Amino acid sequence: MSHTFMKGVDISMLTEVETLGGEYFLDNEKKDLFEILRIKELNAVRLRLWLNPYDEEGEPYLGGTNDLETTIELAKRAKEQGLQFMLNIHYSDFWTDPKKQSKPKAWQSFSGEQLEEKVYLYTKEVLDVCRACDVLPDIVQVGNETTNGMLWPDGKTPKYLFEEKKFEAVDEEEWKLSYDRLASLLKAGVRAVREAGSMRIILHLDAGGSNILYRTWFDEMSARDVDYDIIGLSYYPIWHGTLEELRFNMEDISVRYDKEVLVVETAYGFTSESPSGHDIFTEYLSNQAGYPATVEGQAQFLHDLMTTVQQVPNNKGLGIVYWEPAWLPVEGSSWASYAGMNYGNDIATMGNHWANQGLFDFKGNALDSLNVFRKF
């Protein structure tokens with residue numbers, strides 16, 4: 001099956017950045033971000049969705065405060081420029097990843113079949129609204145980085161110990177039951193997507209270079225007949241191993257499960273300078289990852305990554321999505337407010353710790369590394 005190589009970006013932070021005065025420039029001319037993406041020949045946008053990213057007093061959680069209204073507005077702008085729309089449903093009021101998968105506030109009292117019904121009805125309702133607004137997604141991600149499950153504690157699975165490349169030891173019965181529960185929750189979301197139209201479905205884990213994780217997790221889903229189309233991987237070279245490990249994993253799982261693979265999150269720094277003083281990407285990490293912390297190094301990484309995905313046999317390498325390339329370090333933008341940190345039980349320094357991994361400089365000027373996308 002031939003397909004257009006997906007060259008995507010996750011720009012879920014955009015409304016927050018623009019509201020706080022962030023602007024984008026191409027060749028010193030101010031332009032709408034979506035227009036710049038189209039000019040640089042990107043073809044897809046991924047947007048995250050949270051249920052209710054506000055506390056009881058109505059204080060926003062920040063990190064884009066990606067409620068349905070915000071997501072729909074961004075999706076409309078993407079569609080206007082002819083970009084594909086990938087919807088990433090977190091099934092939470094805020095960030096989910098292997099460290100946290102908090103149940104939405106409104107769902108706290110639900111478990112078992114009631115919780116499955118909530119997942120189904122919520123997914124259905126979201127897609128109904130998307131259809132009514134003429135922004136039905138092309139692709140839907142059911143859950144975000146569900147390596148250790150989702151909707152904790154109900155859908156929690158044995159923890160994958162990343163450094164040791166193995167899962168925590170639990171007895172056989174507990175192992176089986178935890179994957180039974182997770183599979184039931186995923187199936188509820190998948191069923192709603194299938195009923196809503198011909199959208200393709202992604203299941204997404206982190207640690208893209210970790211073959212044992214993907215084999216173990218997707219074997220459990222296969223054993224429970226969970227229906228999906230695409231395996232989504234996060235691959236950050238400062239954390240997730242070498243491109244060779246990613247290549248091996250993608251080739252193996254695309255054959256083993258007969259699925260397409262898509263790197264739904266990646267990024268690399270164009271500098272080790274940090275406007276916040278707290279940026280995640282550092283000179284030390286760039287030395288480990290093997291690419292210089294320069295615009296050229298960023299471009300070379302992107303070129304090598306896209307080449308690796310493109311070379312997955314049988315046309316199974318679908319493309320890549322760059323995570324938050326347009327998150328500028330504008331005053332007031334933060335990965336979380338204190339309200340958000342409290343909800344996720346994840347307390348750290350406020351602010352933008354991602355700015356040096358953007359595809360725009362700190363002032364919003366498009367970097368030359370964006371030109372790499374034109375070659376694919």
Side-chain angles (χ1 to χ4, degrees), residues 1-15 32-50 64 66 68-91 122-146 186 189-205 226-234 254 258-266 306 309-310 312 315-326 373 376:
M1 181 180 113
S2 71
H3 56 71
T4 305
F5 191 76
M6 184 180 284
K7 300 177 286 186
V9 285
D10 188 318
I11 47 158
S12 305
M13 207 56 90
L14 181 60
T15 303
D32 180 73
L33 175 66
F34 291 93
E35 191 186 349
I36 296 174
L37 297 176
R38 183 180 54 74
I39 290 168
K40 296 295 185 183
E41 296 176 26
L42 283 98
N43 56 19
V45 162
R46 175 181 185 250
L47 299 172
R48 62 180 164 269
L49 176 63
W50 296 322
N66 298 103
L68 187 54
E69 190 181 346
T70 301
T71 302
I72 298 253
E73 286 309 309
L74 289 172
K76 282 179 181 171
R77 290 170 65 186
K79 292 265 190 184
E80 277 164 17
Q81 293 287 350
L83 302 166
Q84 281 192 61
F85 166 36
M86 180 193 307
L87 177 63
N88 172 17
I89 310 178
H90 282 233
Y91 297 99
Y122 167 69
T123 309
K124 179 182 185 313
E125 182 186 316
V126 163
L127 294 174
D128 283 348
V129 174
C130 287
R131 180 185 284 104
C133 296
D134 204 24
V135 289
L136 211 53
D138 301 279
I139 300 178
V140 178
Q141 200 180 295
V142 178
N144 186 69
E145 291 192 334
T146 52
L186 289 170
V190 166
R191 179 163 62 97
V193 180
R194 288 291 187 231
E195 288 173 5
S198 57
M199 291 159 283
R200 309 178 72 208
I201 293 168
I202 296 182
L203 299 183
H204 170 212
L205 310 182
V226 177
D227 172 29
Y228 64 98
D229 303 299
I230 300 163
I231 295 175
L233 309 90
S234 289
S254 64
D258 191 24
K259 299 291 181 192
E260 290 172 314
V261 292
L262 174 65
V263 175
V264 295
E265 289 187 27
T266 192
M306 285 193 269
V309 176
Q310 209 170 39
V312 175
N315 225 1
K316 290 278 205 276
L318 206 51
I320 74 157
V321 179
Y322 198 102
W323 198 78
E324 292 291 4
F373 290 100
F376 290 84

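Note that these values count all heavy atoms, side chains included, but never hydrogens, waters or copies made by symmetry. Model, not experiment: these values are computed from the prediction.
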Is a side-chain N or O of [X] found less than 3.5 angstrom from the main chain of [Y], in a donor-acceptor match?
X: Lys76; Y: Asp134; value: no
X: Asn43; Y: Leu83; value: no
X: Asp10; Y: Ser12; value: yes
X: His90; Y: Leu49; value: no
X: Lys7; Y: Ile320; value: no

Quiz item: Within 45 degrees of the axis of the six-membered ring of Phe85 and under 6.0 Å from its centre: does Lys79 put its NZ or CZ there?
Solution: no
Practice problem: For side chain to side chain donor-acceptor pair (under 3.5 Å), just list the numbers for His204 and Thr146, CA-CA rounded to whole Å, side-chain angles, deciding distance to a tenth of an Å, and then say yes or no. | Solution: CA-CA 6 Å; His204 170 212; Thr146 52; over 6 Å; no
Quiz prompt | SB check Asp227 Arg194 (cutoff 4.0 Å) | solution =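 Arg194 and Asp227: salt-bridged.
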Practice problem: Look at Glu324 together with Arg48 and state whether they make a salt bridge at an N to O cut-off of under 4.0 Å. | Solution: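 So Glu324 pairs with Arg48 through a salt bridge.
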Exercise. With rounding to the nearest 0.5 Å, note down the distance linking CG in Leu47 to CD in Gln141.
Key: 11.5 Å
Practice problem: For Glu125, check salt bridge (charged side-chain N to carboxylate O under 4.0 Å, His left out) against everything at least two apart and list the hits. | Solution: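 Listed in chain order: nothing, the list is empty.
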Practice problem: Identify, with sequence neighbours excluded, every residue that meets salt bridge (charged side-chain N to carboxylate O under 4.0 Å, His left out) alongside Asp128. | Solution: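 Testing Asp128 for salt bridge (charged side-chain N to carboxylate O under 4.0 Å, His left out), a comparison that skips the adjacent residues, returns Lys124, Arg131.
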Quiz prompt | Non-hydrogen side-chain atoms of Val263 and Thr266 separated by less than 4.5 Å | solution = yes
Quiz item: So do the side chains of Met199 and Leu136 get within less than 4.5 Å of each other, counting heavy atoms only?
Solution: yes
Quiz item: For Glu35, does the CD atom have more than 12 heavy-atom neighbours from other residues, nucleotides or ligands under 6.0 Å away?
Solution: yes
